[in-house]
Asker: 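Submitted below is the structure of interest, expressed as structure tokens.
On a predicted model such as this, the values are computed, not experimentally measured, just so you know. In what follows, every chain begins at residue 1, and chains take the letters A, B, ... in the order their sequences are listed.
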2 protein chains.
Amino acid sequence: MTTAADSKDEARLGLRRRRVTLHDLAKVAGVDPSTVSRVLNGDRTLVVKDETRRRILDAVEELQYVPNAMARGLRRQRSQMIGLLVPDIANPFFPEIILGAERVFSEAGYRLLLGNTSEDPEKEHAYVELLRSNVVEGLMLATAFTQDETVEELTRLGVPYVLVNRAHAGTSNYVVVDDRVASRGTADYLVGLGHRRIAHVSGPLYTETGLARLRGYREGLRAAGIEYREEYVIEGDFKEASGARAIERLLKLDEPPTALLAANDLLALGAMGACRSLGVRVPQDLSIAGFNDVPFCSMVTPALTSVRVPRLEMGMASARRLLDLLSGSDALQSPIVLGTELVVRDSTAPPSR
Amino acid sequence: MTTAADSKDEARLGLRRRRVTLHDLAKVAGVDPSTVSRVLNGDRTLVVKDETRRRILDAVEELQYVPNAMARGLRRQRSQMIGLLVPDIANPFFPEIILGAERVFSEAGYRLLLGNTSEDPEKEHAYVELLRSNVVEGLMLATAFTQDETVEELTRLGVPYVLVNRAHAGTSNYVVVDDRVASRGTADYLVGLGHRRIAHVSGPLYTETGLARLRGYREGLRAAGIEYREEYVIEGDFKEASGARAIERLLKLDEPPTALLAANDLLALGAMGACRSLGVRVPQDLSIAGFNDVPFCSMVTPALTSVRVPRLEMGMASARRLLDLLSGSDALQSPIVLGTELVVRDSTAPPSR
DNA sequence: CTGAAGTAGAAAAACGTTTGTGCCAGGAAA
DNA sequence: TTTCCTGGCACAAACGTTTTTCTACTTCAG
């Protein structure tokens with residue numbers, strides 16, 4: 001038997017067992033490979049005798065056959081993979097998004113290729129090439145820092161993609177929260193506590209997210225009839241250090257704020273840290289509110305008031321939208337806007353004066 | 001021209017532009033596809049005239065050619081992808097491991113397929129099938145909960161894999177830290193502070209990690225001549241809630257401990273939370289030390305003393321080992337053991353009595 | 001008895017690469 | 001002049017599927 005000889009060869013050569021293919025299967029079952037393929041794929045157009053079908057299935061079991069994904073992909077022109085790009089996996093905002101996406105995709109028989117762009121346009125571009133090389137069928141861009149250029153290239157290529165937590169004029173395939181409204185809500189809450197001197201440390205103002213949260217802040221102040229003060233708004237970069245720097249500047253003002261609305265939790269955390277070293281008590285001397293409600297919000301002391309962003313749902317909704325796109329349902333869908341919720345914890349209180 | 005007709009068809013039918021293949025390229029450059037392939041792959045065995053080479057490269061530029069990864073993979077029998085399995089991406093222990101792995105892999109021209117097993121054997125098995133279906137060339141298992149069964153199946157299949165943060169008798173392809181020694185170090189430190197009544201909340205004792213950390217704890221006590229007390233050791237499950245439960249039981253003892261060595265940071269955090277609600281001050285009434293030094297350790301108050309585990313390096317080292325395996329360097333390598341470091345923060349202090 | 005319609009499956013052509021081999025020209029060696 | 005290289009490329013066979021087309025055998029109506 002060839003099989004016996006082969007396995008001896010393999011043993012002698014220390015080679016990995018040759019993969020069992022459709023042909024091996026067909027030989028064992030005494031039919032043509034095409035028939036095997038049809039049986040395994042449940043093709044209804046052609047008829048196969050029960051007895052033949054059984055022989056085939058037995059052979060599959062016996063040989064432990066697993067189809068070769070690349071051959072199948074090549075033939076079907078589908079890789080059953082999607083790419084998910086994040087700027088920084090270590091940022092606590094992203095893991096749950098990934099989790100949600102993975103859940104939806106794996107349920108739909110898709111696999112997740114994860115790319116960490118480190119906000120590097122080169123890497124971002126490299127991942128777009130994956131699309132052109134048919135490695136992935138679609139792309140999920142989960143980053144506020146995505147280059148406009150990238151988005152436009154994707155649109156031009158006419159390939160399926162969806163933006164996560166970032167809107168874009170050229171498409172309606174994105175999943176976001178209403179940053180402006182949520183930010184406005186937090187501002188309203190701080191006003192409601194009695195604060196009048198409310199500062200804002202923003203995100204980078206070249207990001208939609210950063211801008212929208214700033215707008216919400218201003219709206220809240222205006223609605224309360226509070227005058228906008230230039231010196232109360234400091235642009236940060238969504239990272240801890242810039243939150244600390246901001247609070248140091250703010251506390252040096254003649255009229256320091258009694259509350260700080262930070263554009264994300266890391267900024268808030270940085271601010272809290274700086275307060276601690278400056279001897280400023282939170283929330284007695286300064287209320288601080290964050291944004292995103294990442295897991296550490298409830299772990300720090302005082303626990304951080306923040307805006308809950310449904311990250312898991314965000315990942316799932318984006319994934320589902322991408323699957324819709326892939327299945328070619330051409331029904332033009334509108335963007336998905338998920339709801340937020342202000343989670344009040346211990347870092348905010350009425351002003352003490 | 002066919003091209004003109006084709007593009008009209010595409011426009012009319014609203015079809016995606018047909019992918020440009022090696023054949024198109026060959027036609028434009030006036031050579032055989034095989035020649036194009038050789039030029040693009042820098043094949044040195046065959047000679048190509050400079051002029052021909054230039055024509056080909058021009059055509060590549062003109063047509064924006066990108067090779068089809070599935071066709072190439074099918075032919076070369078390599079997918080240039082590896083799978084990384086984690087039990088829970090949202091667990092702060094894993095993102096940095098993923099980050100390290102992604103960095104190494106993407107540098108080496110490999111892509112990362114991420115799987116979240118949720119500690120579900122079914123899903124785990126599904127990802128092993130990816131190996132058999134040639135979707136991935138190798139597997140990185142980053143989970144203490146990996147089924148022994150899975151590891152043995154991988155070994156039996158003779159496929160490349162590496163275990164992250166988990167040892168296994170049947171292989172030497174794993175990257176770990178010396179949990180026993182590190183845990184011992186923390187115990188020594190607590191003893192050095194003057195503690196004699198030191199408790200331990202362990203991980204699940206069916207995990208290597210949990211066991212090793214317990215062993216280190218016992219060793220530390222023994223070396224200090226401190227008697228081992230059954231009631232001071234409580235088995236947890238690496239999650240916050242069980243840390244809280246443990247501390248509640250421990251504080252009810254006639255002689256409550258003055259220090260707690262937790263088998264990971266989440267347990268420590270849970271314990272800290274329980275202490276706060278019980279009015280027990282940390283570190284004055286109870287010192288708490290964690291393990292892993294995940295990011296939130298420095299964010300909580302009091303900041304948590306913990307054992308730094310080089311997660312980034314762990315991911316990178318594992319990835320590199322897997323690449324070694326893939327390149328078939330049969331040099332039998334020994335397991336990789338990375339160093340740890342005790343990071344002393346505010347949650348530990350000498351006992352007050 | 002003949003042709004039409006099923007039925008059950010085989011043949012073969014893709015999918016887009018890579019790679020072993022073959023072929024032809026032109027120059028060097030005999 | 002013939003023989004041998006060898007540079008420069010083309011040919012064709014893979015890789016393992018899926019899918020369209022084709023064939024042969026039944027069965028059944030007319």
Side-chain angles (χ1 to χ4, degrees), chain A residues 16-57 59-60 63-80 129-135 137, chain B residues 15-57 59-60 63-80 129-130 132-135 137:
Chain A
R16 197 168 303 156
R17 242 186 325 283
R18 192 177 68 82
R19 300 252 2 270
V20 16
T21 76
L22 219 46
H23 293 87
D24 306 328
L25 218 53
K27 215 171 296 169
V28 169
V31 294
D32 189 86
S34 63
T35 308
V36 180
S37 172
R38 272 188 258 272
V39 166
L40 294 184
N41 292 304
D43 186 336
R44 313 293 305 163
T45 69
L46 240 32
V47 199
V48 178
K49 248 194 301 193
D50 277 354
E51 198 262 333
T52 313
R53 177 185 310 276
R54 202 190 40 65
R55 273 210 322 275
I56 291 175
L57 294 178
V60 168
L63 299 187
Q64 294 272 33
Y65 171 73
V66 178
N68 181 313
M70 290 187 296
R72 167 177 288 178
L74 177 58
R75 175 62 226 220
R76 289 201 184 150
Q77 299 287 60
R78 327 198 51 193
S79 64
Q80 297 291 103
E129 290 289 273
L130 287 192
L131 220 107
R132 309 221 309 134
S133 66
N134 283 24
V135 170
E137 295 181 33
Chain B
L15 288 178
R16 198 167 303 156
R17 245 187 320 286
R18 192 178 67 82
R19 299 253 1 272
V20 16
T21 76
L22 219 46
H23 294 86
D24 306 327
L25 217 53
K27 214 170 297 168
V28 169
V31 294
D32 189 86
S34 63
T35 308
V36 179
S37 172
R38 273 186 252 267
V39 166
L40 293 185
N41 292 305
D43 187 335
R44 312 295 303 166
T45 70
L46 240 30
V47 199
V48 179
K49 247 196 301 193
D50 276 355
E51 199 262 333
T52 313
R53 178 185 310 276
R54 202 189 40 66
R55 274 212 320 277
I56 291 176
L57 294 177
V60 167
L63 300 187
Q64 294 271 35
Y65 171 73
V66 178
N68 181 313
M70 290 188 295
R72 168 176 289 179
L74 176 58
R75 175 62 225 226
R76 290 200 186 153
Q77 299 287 61
R78 326 197 52 193
S79 65
Q80 297 290 102
E129 290 290 271
L130 287 192
R132 310 221 308 133
S133 66
N134 283 24
V135 170
E137 296 182 31

Asker: Strictly below 4.0 Å: does Arg75(B) bring a side-chain N or O up to OP1 or OP2 of dA14(D)?
Answerer: no
Asker: Output the distance between atom CD (Glu137(B)) and atom CD (Gln77(B)), rounded to the nearest 0.5 Å.
Answerer: 10.0 Å
Asker: List for me each residue that meets side-chain contact (heavy atoms from CB on, under 4.5 Å) alongside Thr21(A), sequence neighbours excluded, and say none if there are none.
Answerer: Arg18(A), His23(A), Asp24(A)
Asker: Using whole Å, report how far CG of Asp50(B) lies from P of dG7(D).
Answerer: 14 Å
Asker: Taking the side chain as every heavy atom from C-beta outward, state whether Val31(B) and Arg38(B) have any atom pair closer than 4.5 Å.
Answerer: no
Asker: Checking all strands, does Asn134(A) fall into the base, sugar-phosphate, or nothing category for heavy-atom contacts under 4.0 angstrom?
Answerer: nothing
Asker: Using heavy atoms and a sub-4.0 Å distance, could you list which residues of residues 30-40 of chain A are near DNA chain D? By number, please.
Answerer: Ser34(A), Ser37(A), Arg38(A)
Asker: Rounded to whole angstroms, how far apart are CG on Leu74(A) and P on dA14(D)?
Answerer: 17 Å
Asker: For the helix from dC1(C)-dG30(D) to dA30(C)-dT1(D), figure out the bend between the end axes, five pairs an end, and round to 10 degrees.
Answerer: 70°
Asker: What's the separation between atom CZ in Arg19(A) and atom CG in Asn134(B), rounded to the nearest 0.5 Å?
Answerer: 4.5 Å
Asker: If you take all heavy atoms of Ala29(A) and Ala59(A), which pair is closest and at what distance?
Answerer: CB-CB, 4.3 Å
Asker: In whole Å, what is the span from the CG atom of Leu22(B) to the P atom of dA12(D)?
Answerer: 17 Å
Asker: First and last nucleotide of DNA chain C touching chain B, 5' to 3', heavy-atom cut-off 4.0 Å?
Answerer: dG16(C) to dT21(C)
Asker: Taking the side chain as every heavy atom from C-beta outward, state whether Leu25(B) and Leu22(B) have any atom pair closer than 4.5 Å.
Answerer: yes
Asker: Not counting sequence neighbours, which residues clear salt bridge (Lys or Arg N to Asp or Glu O under 4.0 Å) with Arg132(B)? List them please.
Answerer: Glu129(B)
Asker: Is there a side-chain contact between Asp50(B) and Arg53(B) in this structure, where contact means two heavy atoms from C-beta onward sitting under 4.5 Å apart?
Answerer: yes
Asker: Does Asp32(B) use its side chain to pair, donor to acceptor, with the backbone of Ser34(B) at less than 3.5 Å?
Answerer: yes
Asker: In a check of side chain to side chain contact (heavy atoms under 4.5 Å, CB included) between Tyr65(A) and each of Val36(A), Ile56(A), Leu40(A), which one passes?
Answerer: Leu40(A)
Asker: Judged by each residue's nearest nucleotide on DNA chain D, which is more toward the 5′ side, Asp43(A) or Val20(A)?
Answerer: Val20(A)
Asker: Sequence neighbours left out, what passes side-chain contact (heavy atoms from CB on, under 4.5 Å) with Ser133(A)? Give chain and number order.
Answerer: Leu130(A), Val135(A), Val66(B), Ala69(B)
Asker: Mapping Arg55(B) and Arg76(B) onto DNA chain D by nearest heavy atom, which one lands closer to the 5' end?
Answerer: Arg55(B)
Asker: Whole Å only: how far is the CG atom of Leu25(A) from the C1' atom of dT17(D)?
Answerer: 12 Å
Asker: Could you check how far CG of Asn68(A) sits from P of dA14(D), rounded to whole Å?
Answerer: 17 Å
